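The structure appears right after this line, and notes come after that.
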Amino acid sequence: MTEGDEELAKDLGLVSAMTIGIGTMIGAGIFVLPGVAANTNDAGPIVVVSFLVGGVIAMVNALSISELGTAMPKAGGGYYYINKSLGPMFGSIAGMGDWMGLAFASAFYCIGFGQYLAVFVGLPSLAFLSPIQVGALVAGAVFVAVNYIGAKETGGVQTVIVTLLLAILAAFAVAGFFSFDYGILTSDGGLTPNGYGVILPGTALVFVSFLGYAKIATVAEELKNPGRNLPIAIIGSVAIVTTIYAILVSTMLGVVPWRDLVEDAPVAQAAEIAFPSSLLGFSGVAAVAASVMTLGALLATASSANASILASARINFAMGRDRIVTNWLNEIHPSYATPYRSILVTGALIIVFIAALGQEIEVLAKAASVLHLIVYALMNVALIVFREADPEYDPEFTVPFYPVTPIVGGFLSLGLVAFMDQIEIALSGAFVLAAIVWYFLYARDETTQEGVLSEYVTRREDELPDGVVDAADAVAPNEDDDFSVMVPLANPKTEKDLITLASAIAKQKGGTVDAVHIVKAPDQTSLEYAAENPEVFEEDYHGILDAAEQNAETFGVDVETHTILSHRLFEQIFDAAKSHDADMVVMGWDEDAHGSPGRVESALDELTEDLPCDFLVLKDRGFDASEILVPTSGGPDSDLSAEVAKLLQAEYGSTIRLLHVADDTDAGREFLADWAERHGLEDAELLVESGDVEDAIARAAEDASMMIVGATEQGLLSRLVRRSLVLDVVDEVSCSVLLAERAREKSFLDKLFGN
């Protein structure tokens, strides 16, 4: 059973959103990397500029993420934007990249935690594992367990953690200011002992410090006033963290000579020197300060690691929803209500990375960065595609100086990758290649979603070079070979004829029937309660599906049955057709068959989307397909009418008559003969009438047992709310009427007012 109507409360304010970004970035840059960055390639004090350059690159990307976040406040973040824009192959790269990048980052944070844990307690070596790795493995196991059982990190707790960290770092900055010695900063080679060429390699190393700001976009749906607060939170958190990094790294290097700054627990070392040994008659102040800094480092790295594991589960969920990966990963634990399999797989990767690469902390940091940089570059491309190819793209915040900003963001992201070491580039390249191979071996056959770019190419295939069209086709998802007819069932009186019609079509198409029973729960009742007590809402809720299965089996077609509990009925059909990948929906049509569509807000919801597949709506007056009348004036809906008529003719040997009403009857005959030939209905009887359309149809329908007619081009709002689904004559004829509407892309105005 599935839920059909979930909504997230908008209970996150600007401060909470900023603390999410700051809290996930503040740990690594200050507490783990300064000693490593200063000593790598003998960079020295100029490494402060590396942090500033990293902040600039992050800021350019933050502008693009802010625009995408206000346009599409959805879970999944970068993966969601790229998959929707560039298609599932690039979505696979982005999803796998984000997932693996977070696993590398989590391992890196755990190593940082292990470094400071080793300061507090004596940790043993174990086999080939160093004491720091042992501490990191313990931390990783604890963080995975916490996520497995579902302990929550609320916005309030995150705010407290960030406030506490900022207070600790502020105290360190004040103490460092009074202990700062410019001579120490410039000793041993000056500010640039090995020139300016070490700046960008240093940036490549420390960029892992800026990976947290994109997480704000993943909670955009829960933000108050996201159009204003999301850009401020993302851009503000990057600006604040960059400033903090610059001040505190400068302070550390002005307190401890850069060659003496340790690579393990550098903040504790600097604090012990920066703070006085005694203050106001109290001795041991420096030692206490070092201990407080160590506790702060444990808190910061634990928070970052925990948040990364949490985020990886959300990315897996988003990929599973789009069938990029199997939904097996996202199964919810029956007791803890967490995606435990996803968490365990991610946890296993983290443990492997700690064990295999834990003594090469630079490799962990750079591998996390390079995978995220690839995703950032793709996000900038995605933004340009949305702007140029999606007429409905409407962000509340827009990047300044478009298209320069996203182009620069893409080049800066990929350019920084060039300054990584070969091992990180090779490692990341292997993951990208694996994601592409995974797409072609698995996801391409499973997912059905095409990107905005692919749809744009398809719409303009006559205008674009053949190579572009061929390339788009080469990476597009494989079409599902199994034709699926979904039948929403709510009324036992009409069920048999609907299943008969759907089975006849499915049999001729070599497809299957998907019978979906939608049970409505009152708005006041939670869907969770309804799922546990379905008998309360319908005494024999299995009976209608059992009967449907028996009816379909008489045609020899495969049938699947599902029950969906929802607060909606009519509108749920659209959602079910999407989630079940139906090629066609066959549904009944009367006052009570699927509930009243009288709720205007529900109709408006549907206006935002196109029909997910072809629709057939049966006004049932007894199923009899022996004499079929097909009125037509051309158009895609009439094309579908002709296809269905041919399928029923093949199944039942039906006699088909085609009707066209025109003032110029000679032109009308020419049109109808040509239309019949184009639709393979040359053997049909052709009727051409003049005068009132509805009167002509009513006369022709007197001898028909079934009429198949295309939907009017009135807007969906009109059809749902005013119940003007088709011509009024449909209510006047005595035969069954089958209304056909072909799925196709319409503009918003066409959906609203018709064309």
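Being a predicted model, the structure only gives us computed values, none of them experimental. Just so you know, residue 1 is the first one in the sequence shown, and it goes up from there.
The structure places CG of Leu681 at 9.5 Å from CG of Leu686, a figure rounded to the nearest 0.5 Å. With rounding to the nearest 0.5 Å, the separation of CD in Glu677 from CG in Leu672 is 12.0 Å. Note: Glu702 CD to Ser734 OG = 8.0 Å, rounded to the nearest 0.5 Å. The CD1 atom of Ile93 sits 9.0 Å away from the CD1 atom of Ile82 when rounded to the nearest 0.5 Å. Rounding to the nearest 0.5 Å gives a distance of 10.5 Å between CD of Glu685 and CG of Leu659. From Met89, atom CE reaches atom CG of Asn83 across 11.5 Å, with rounding to the nearest 0.5 Å.
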Please lay out, stage by stage, how Asp558 and Val513 fare under the test side-chain contact (heavy atoms from CB on, under 4.5 Å).
CA-CA 6 Å; Asp558 292 333; Val513 171; over 6 Å; no
Dump the intermediate steps for side-chain contact (heavy atoms from CB on, under 4.5 Å) on Val452 and Phe386, then the final yes or no.
CA-CA 7 Å; Val452 169; Phe386 275 125; 3.7 Å; yes
Please report the C-alpha distance between Met584 and Phe615 in whole Å, then the side-chain angles of each, then the deciding distance to 0.1 Å, and finally whether the side-chain contact (heavy atoms from CB on, under 4.5 Å) criterion is met.
CA-CA 6 Å; Met584 178 180 286; Phe615 266 64; over 6 Å; no
Kindly indicate, with the supporting measurements, whether the criterion side-chain contact (heavy atoms from CB on, under 4.5 Å) is fulfilled by Cys613 and Asp583.
CA-CA 5 Å; Cys613 63; Asp583 296 289; 5.6 Å; no
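Looking only at distances, a side-chain donor or acceptor of Ser641 sits under 3.5 Å from a matching main-chain atom of Asp637. Distance alone, capped at 3.5 Å, places no donor-acceptor pair between the Ser85 side chain and the Tyr81 backbone. Judged by distance alone, with hydrogens and angles left aside, the side-chain atoms of Ser92 form no donor-acceptor pair with the main-chain N or O of Tyr439 at under 3.5 Å. With hydrogens and angles ignored, the 3.5 Å screen pairs a side-chain donor or acceptor of Arg657 with a backbone N or O of Ala700. In this structure, Thr632 contributes its side chain and Gly634 its backbone to a donor-acceptor pair below 3.5 Å. With hydrogens and angles disregarded, a donor-acceptor distance shorter than 3.5 Å links the side chain of Trp438 to the backbone of Ile324. Looking only at distances, no side-chain donor or acceptor of Asp624 sits under 3.5 Å from a matching main-chain atom of Ser705.
Judged as a side-chain hydrogen bond (donor to acceptor under 3.5 Å, both in side chains), and not counting sequence neighbours, Asp703 has no contacts. The side-chain hydrogen bond (donor to acceptor under 3.5 Å, both in side chains) check on Arg621 picks up nothing, with sequence neighbours excluded. The side-chain hydrogen bond (donor to acceptor under 3.5 Å, both in side chains) check on Asp664 picks up nothing, with sequence neighbours excluded. Contacts of Lys507 classified as salt bridge (Lys or Arg N to Asp or Glu O under 4.0 Å), with partners at least two apart in sequence or in another chain: Glu651. The side-chain hydrogen bond (donor to acceptor under 3.5 Å, both in side chains) check on Asp663 picks up nothing, with sequence neighbours excluded.
Nearest heavy atoms, Pro488 versus Met486: CD-O, 3.7 Å. The minimum heavy-atom distance linking Ser484 with Asp514 is given by the pair OG-CB, 4.1 Å. Residue Tyr456 comes nearest to Glu388 through the heavy atom pair CE1-O, 4.3 Å, listed as atom of the first residue, atom of the second, then distance. In terms of heavy atoms, Ala662 sits closest to Ser690 at O-CB, 3.2 Å. Nearest heavy atom pair, residue Val485 against residue Val586, reads CG1-CG2, 3.6 Å. Residues Gln508 and Ala650 come closest through the heavy atom pair OE1-CB, 3.4 Å.
Looking only at side-chain heavy atoms (C-beta outward), Leu640 and Glu741 stay at 4.5 Å or farther from each other. Side-chain contact between Met96 and Val325 is present, with at least one heavy-atom pair separated by less than 4.5 Å. A 4.5 Å side-chain heavy-atom check between Val709 and Val630 finds every atom pair outside the cut-off. Taking 4.5 Å as the limit, every side-chain heavy atom of Tyr393 sits out of range of all side-chain heavy atoms of Val385. You'll find the side chain of Leu739 stays beyond 4.5 Å of the side chain of Leu616, heavy atoms only. The shortest distance between side-chain heavy atoms of Ile628 and Ile708 falls below 4.5 Å. Side-chain contact between Leu648 and Leu501: present, with at least one pair of heavy atoms (C-beta onward) separated by less than 4.5 Å. The shortest distance between side-chain heavy atoms of Met706 and Glu627 does not fall below 4.5 Å.
Comment: Arg699 does not engage Asp695 in a salt bridge, judged by the lack of any side-chain N to carboxylate O separation of less than 4.0 angstrom.
Residue pairs meeting the ring pair (Phe, Tyr, Trp, His ring centres under 6.0 Å) criterion with at least one partner in residues 633-668, sequence neighbours excluded, are Phe623-Tyr652, His660-Phe671.
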